[in-house]
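Worksheet: one structure, shown below.
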Number of protein chains: 2
Amino acid sequence: MPRPKVHDDALRARLLDRAGEILSTTGPDGLSLRALAADVRTSTTAVYSLFGGKPGLLRAVYDEAFRRFGERLSTAGTSDDPAEDLVRLGLRYRDSALADPQFYRVMFSGASGVEPGEESRRASARTFSPALDIARRGVETGVFGNDSPEQIALASWGIAHGLVALELRGDLPVDVPVAQVYERSLRALVDGWRR
Amino acid sequence: MPRPKVHDDALRARLLDRAGEILSTTGPDGLSLRALAADVRTSTTAVYSLFGGKPGLLRAVYDEAFRRFGERLSTAGTSDDPAEDLVRLGLRYRDSALADPQFYRVMFSGASGVEPGEESRRASARTFSPALDIARRGVETGVFGNDSPEQIALASWGIAHGLVALELRGDLPVDVPVAQVYERSLRALVDGWRR
DNA sequence: CCTCTTGTCAGAACACCGTTTCGATATGCT
DNA sequence: AGCATATCGAAACGGTGTTCTGACAAGAGG
């Protein structure tokens, strides 16, 4: 039999961790396989045997980021007021994104040819489902009008994503009180669905 | 005196044009200075003397893209119903983005370290002002309630940007009628501002 | 008319990247 | 002990953005 395996799951985890760290400070372009391998005291070959290459590595980080993001959103909690819950979920969306902007960027700004893949599709759907659940409750309980839960949830996702993306890119006018504008926007949108 | 100038404004324009074409089909990473220079039958040095390097070139394309985007939005036209105008502006925002997705990506997804710069800040502000004007009219005429025009315009910008970004990334569920959801979302948001 | 000076530009050189190839390695089996 | 073989680190390859350098061309001065 051959020599003992070194490119194992433990190494995979270490690479993933360190890649996430580098990525969250420098962005995808600043992540070099050579530097990463040296950091973890292995060779670039490890990245290829474990992830298939740089896109594979990024996809893995991306999947992990999406998983955590979905987890945060799914623990937002609910009350008996779906409209308020939707606002609260939106606020949590922003908090989660601002907690690690580079991760958010990797997830949603699609740099360096990161193709989602099956796993991430599911994670993406899971990210979306809390909003959908709340919207459904809102429609069922008659808080919202005649629109479909999908419609309502998508719009909420859209405005949260849009404002956060603009904020992270610094495209918002400098003097706006972002948090306040953000929350007020969510409320206006939610109010628009009321029956 | 030295030899006659070849790296002039005409060459600059040709480089910019061709860079835009390549960029709109392959994205920023697929744009190679060597290939670009060969296409325009000059050397890579031209890019450095005219744009300072690849980031400078991308920023120039970015500026141009933003300029055109702002132009399209500023010609959206107005009626005597600010609420409807805001929806129409949003629809035009999406049309403009979908007309050349790669340009939109360069503008808003911040790939390859494109730092906006002064010129683009102004262009960005100009992109935003049509929405602001409409919102102002809506507040003045009493169509909208007590919110500031900035608040209203920013929220509109946010939801348009967010939904378009999600659509372009393919992050929307595949079976949704995007155009319809998009318009309905805009209307819900606008309705939320009504007094 | 012929240097000479001087800014300009094309191409070579450099450092780095992601990826592929390949030879040394270290084990279990014969 | 020797062999077969999966494994992995290091070197090689083709590409990138960027910098360096030497050939160049035109006006100035003799």
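Keep in mind the model is a prediction, meaning the values are calculated, not measured.
For A/Arg3 and C/dC22, the CZ to C1' distance is 13 Å, given to the nearest whole Å. For B/Tyr48 and D/dT18, the OH to C1' distance is 4 Å, given to the nearest whole Å. Here D/dA6 presents its C1' atom at 15 Å from CG of A/Leu50, a figure rounded to the nearest Å. Atom-to-atom, CG of A/Asp8 to C1' of D/dC8 comes out at 13 Å; the value is rounded to the nearest Å. Nucleotide C/dT19 holds its P atom 11 Å from the CG atom of A/Leu31, rounded to whole Å. Atom NZ of B/Lys5 and atom C1' of C/dT6 are 13 Å apart (whole Å).
Centroid-to-centroid, the aromatic rings of B/Phe103 and B/Phe69 stay 6.0 Å apart or farther.
In plain terms, the two heavy atoms of B/Val190 and B/Val87 that are nearest each other are CG2-CG2, 4.0 Å. Of all heavy-atom pairs between B/Trp193 and B/Gln151, the closest is CH2-NE2, 3.5 Å. For the pair A/Ser185 and B/Ala155, the tightest heavy-atom approach, listed with the atom from each and the gap, is OG-CB, 3.2 Å. Closest approach of B/Arg18 to B/Val40, counting heavy atoms only: CB-CG2, 4.0 Å.
At a non-hydrogen distance threshold of 4.0 Å, nothing from residues 13-22 of chain A comes into contact with DNA chain C. The stretch residues 32-46 of chain B comes close to DNA chain C through B/Arg34, B/Thr42, B/Ser43, B/Thr45, each having a heavy atom under 4.0 Å from the strand.
Shown here are the ring-ring contact (aromatic ring centres under 6.0 Å, His included) partners of B/Tyr182, two or more places apart in sequence or in another chain: there are none.
Nucleic acid contact class of A/Leu11 (heavy atoms, under 4.0 Å, all strands): none.
Along DNA chain D, the nucleotide closest to B/Gly53 and the one closest to B/Pro4 are compared, and the more 5′ of them pairs with B/Gly53.
Between B/Tyr104 and B/His161, the angle of the ring planes lies from 30° to 60°, which puts this pair in the tilted group. Taking the six-membered ring for Trp and thresholds of 30 and 60 degrees, A/Phe66 and A/Phe108 have ring planes more than 60 degrees apart, a perpendicular arrangement.
Residue B/His7 places at least one side-chain N or O closer than 4.0 Å to OP1 or OP2 of C/dA10.
Taking 4.0 Å as the cut-off between side-chain N and carboxylate O, A/Glu64 and A/Arg68 count as a salt-bridged pair.
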